[in-house]
Protein chains: 2
Amino acid sequence: MTDHHLIETPGAHPVGIVGAGLIGLGWAALFVHRGHLVHAHDPDQDVLAGLPQAIETAIAEIEAVDGPRRAGGRLQCFSGLCEAVNGCAYVQENAPERLPLKSRVLAEIAESAAQDAVIGSSTTSFTARELGEGQARPEQIIVAHPYNPPHLIPLVEIGGAGEDYKPAINFAWRFFRALGKEPVHIRLPARGHIANRLSAALFREAVHIVSEGVASVEDVDRAIVHGPGLRWATAGPFLNYHLGAGRGGLAAYLDHLGPAQEARWADLGDPKLDDETKKLLVSGMNETSGGADIAQLSGERAERLAAIRLALAGKS
Amino acid sequence: MTDHHLIETPGAHPVGIVGAGLIGLGWAALFVHRGHLVHAHDPDQDVLAGLPQAIETAIAEIEAVDGPRRAGGRLQCFSGLCEAVNGCAYVQENAPERLPLKSRVLAEIAESAAQDAVIGSSTTSFTARELGEGQARPEQIIVAHPYNPPHLIPLVEIGGAGEDYKPAINFAWRFFRALGKEPVHIRLPARGHIANRLSAALFREAVHIVSEGVASVEDVDRAIVHGPGLRWATAGPFLNYHLGAGRGGLAAYLDHLGPAQEARWADLGDPKLDDETKKLLVSGMNETSGGADIAQLSGERAERLAAIRLALAGKS
């Protein structure tokens, strides 16, 4: 099996990257930083030509959090998909989110990668079941969904579509663990996987609160950042309730405060993103950001993220 | 007006604390740390007797994040409510979450505090409208809801029930700002205010994901901590989408990805906290925590929280 070798001697065997937009670039930077030989392909020659310099910027961001890059990591760019993935035991696919396109790209990868290769898709929208339709060996194609940006956020959600996927899932789990990522297992295919379902649930109520006039866009954001967001960076929702009910833990919480929780659920909204609502949200966002440049706001967020990750290192 | 004096010379005028359980204790510690003279009352003599020592522990936790306590802060305990709040320009009420009890306590506070005092209720469950029912001057009684623990989490949600509440809201906003808290304004009374509505929305989908078998309790918690939680400690939900759509910002996000967001909303679950579900969640939590002591887990979470708050200081 090549997979052991890939994990144990990362620089000796290539990891494939297909699609080198923002997500593929983040993955490539991470793999190189961790000492892997990365074979990257993108159909856009300009994207491919800019990749070597772009990943250096991203690697510098990784180094600020995770320390110096490991020896042996390097990037090779290929204008042909087949040459890029030829012999790769793991390939990360980052094609645009259109199922027919993804299906075609995944089939091409499977044809040229190692026989027992695992192909992880960065897909946000599709499940492993959908990705596997019409593929020769669907059980080698799994969801491996990062949380943006992939080189700085530890989460990766991996999932197959049944028992046949176990070897691929097991390999991916070990592979991502060895990279220092935090894999979670999507046990059953679900629209939006795990994190984006939870984010969507929160966002729906955020939109509801603003559209009902309960709070401004700015105050909803500030409430999250200075309240629950701080808590969720230290403990997940279940652990927070487990720790919020004294000695009885989650069982006591659910018994005593479950009815209050259900009453809150019943009161949550079901807004629509119609034109009026969109206008309200955008005007609220403009007030909040005071016209600040998106690149600047993004840089400030990245700085805060790096500071938090450094602060938490060794404390998880 | 006494309120200016309270903010400008904090040690010279008392701030009242009524109810000195976990929430009241956190508030008392924060006020003392910020240099206020705190007059505290609790009907339970044992709670009151233990308060001076308990707030020292909490103040040490504050000092680890916010630096040394300001001069002039001190605690005085009163077995009578009227003596405690007598002459106070601000009183924080932390009685148990039963409306008739809270109403009675709030009326007693209003009778003995300064004529134009502002009374902030730590209530989780009730709105300013409910708290004001039957009160002589409802517009002096506002929601001032902390996020637990009040001495370490910056958020405080303040809200009234109409135009008449403006002076009280304005005062509370300045008072909490001067304390270094992060107030947000609940513009219209709403069950669960802002943060707990958003948390409830996320928790509902977390319960749904576990009860459908999509992921384990442990992996839901890990997905949040290593993914969206990290992001929400650096930026709120609206800013995250604003920064996730390139130069077009939130408007572009809503136009391009709004339909995908709505499709996800349509797929979210509506679970019930019935016995079977509660059993599943508790057994998942037990697996996750591996039987670890609640006090120990809680201490570790507090350590991570302090590390994050320190890392973010000066970066917001």
Side-chain angles (χ1 to χ4, degrees), chain A residues 147 154-155 182 184-185 187-188 190-192 194-195 197-206 213-215 217 219 221-230 232-239 242-243 250-251 254 258 262 264-265 267-268 273 278 282 285 294 298 301 304-305 307-308 311 315, chain B residues 147 154-155 182 184-185 187-188 190-192 194-195 197-206 213-215 217 219 221-230 232-239 242-243 249-251 254 258 262 264-265 267-268 273 278 282 285 298 301 304-305 307-308 311 315:
Chain A
Y147 209 72
L155 178 64
E182 295 283 351
V184 298
H185 186 197
R187 290 179 179 173
L188 286 179
R191 180 84 44 232
I194 303 164
R197 292 185 72 88
L198 298 168
S199 301
L202 183 138
F203 188 58
R204 177 165 68 173
E205 186 55 22
V214 171
V217 163
D219 274 4
D221 270 7
R222 291 179 58 243
I224 287 293
V225 168
H226 299 295
L230 271 181
W232 286 323
T234 66
F238 290 108
L239 183 57
H242 185 57
L243 301 183
L250 187 61
L254 294 171
E262 284 186 310
R264 246 173 242 155
W265 293 354
D267 201 47
L268 297 175
L273 287 174
K278 289 200 269 187
V282 170
M285 189 69 239
I294 284 185
S298 212
R301 183 183 61 171
R304 293 194 291 271
L305 179 62
I308 292 176
K315 281 200 186 359
Chain B
Y147 209 71
L155 178 65
E182 296 282 351
V184 298
H185 185 198
R187 289 179 178 172
L188 287 179
R191 180 83 45 232
I194 304 165
R197 292 184 74 87
L198 297 168
S199 301
L202 184 139
F203 187 58
R204 178 166 66 173
E205 186 55 22
V214 171
V217 163
D219 275 4
D221 270 6
R222 291 181 56 244
I224 287 294
V225 167
H226 299 295
L230 272 181
W232 287 323
T234 66
F238 290 109
L239 183 57
H242 185 57
L243 301 183
L250 187 61
L254 293 172
E262 283 185 311
R264 244 172 244 156
W265 293 354
D267 201 47
L268 297 175
L273 287 174
K278 289 200 269 186
V282 170
M285 189 69 239
S298 212
R301 182 182 62 170
R304 292 194 291 272
L305 178 62
I308 292 177
K315 282 199 188 349

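Predicted model only: the values in this text are computed from it and were never measured. These values consider heavy atoms only, across backbone and side chains, with no hydrogens, waters or symmetry-generated copies. Naming convention: chains lettered A, B, ... in sequence-line order (proteins, then strands); numbering from 1 in each chain.
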Between A:Ala235 and chain B, which part of the residue has a heavy atom less than 4.5 Å away: side chain, backbone, both or neither?
-> both
Shortest non-hydrogen contact from B:Gly229 to A:Ala233?
-> O-CB, 3.7 Å
Do any N or O atoms from the side chain of B:Asp219 and from the backbone of A:Val184 form a donor-acceptor pair under 3.5 angstrom?
-> no
Would you check if B:Leu243 and A:Arg301 make a side-chain contact, meaning some heavy-atom pair closer than 4.5 Å?
-> yes
Polar side-chain atom of A:Arg187 near backbone of B:Gly213 as donor-acceptor pair, under 3.5 Å = no
Is any side-chain heavy atom of B:Met285 closer than 4.5 Å to a side-chain heavy atom of A:Leu239?
-> yes
What residue, out of B:Ser298, B:Gly249, B:Gly236, has the most heavy-atom pairs lying under 4.5 Å from chain A?
-> B:Gly236
Most chain A-contacting option - heavy-atom pairs closer than 4.5 Å, from B:His242, B:Glu205, B:Glu262, B:Arg204 | B:Arg204
Engaged part of B:Ala200 at the chain A interface, taking heavy atoms whose separation is under 4.5 Å | both
Greatest number of non-hydrogen atom pairs under 4.5 angstrom with chain B, of A:Thr234, A:Leu305, A:Val217, falls to A:Thr234
Ranking A:Arg191, A:His185, A:Arg197 by heavy-atom pairs under 4.5 Å to chain B gives rank one to A:Arg197
Contact leader toward chain A among B:Ala206, B:Gly227, B:Pro228, where contacts are heavy-atom pairs under 4.5 Å = B:Pro228
Grab the two heavy atoms, one from A:Ile224 and one from B:Trp232, that are nearest each other, plus how far apart they are.
-> CG2-CB, 3.6 Å
Polar side-chain atom of B:Glu182 near backbone of A:Arg222 as donor-acceptor pair, under 3.5 Å = no
Please examine the side chains of B:Trp265 and A:Leu273, heavy atoms only from C-beta on, and report whether any two atoms are closer than 4.5 Å.
-> yes
Smallest heavy-atom separation, B:Phe238 atom then A:Asp221 atom, equals N-OD1, 2.9 Å
Flag the one option from A:Ala195, A:Gly192, A:Ser199 with the top tally of heavy-atom pairs under 4.5 Å to chain B.
-> A:Ser199
What residue in B:Val282, B:Ile194, B:Leu202 has the most heavy-atom pairs under 4.5 Å with chain A?
-> B:Leu202
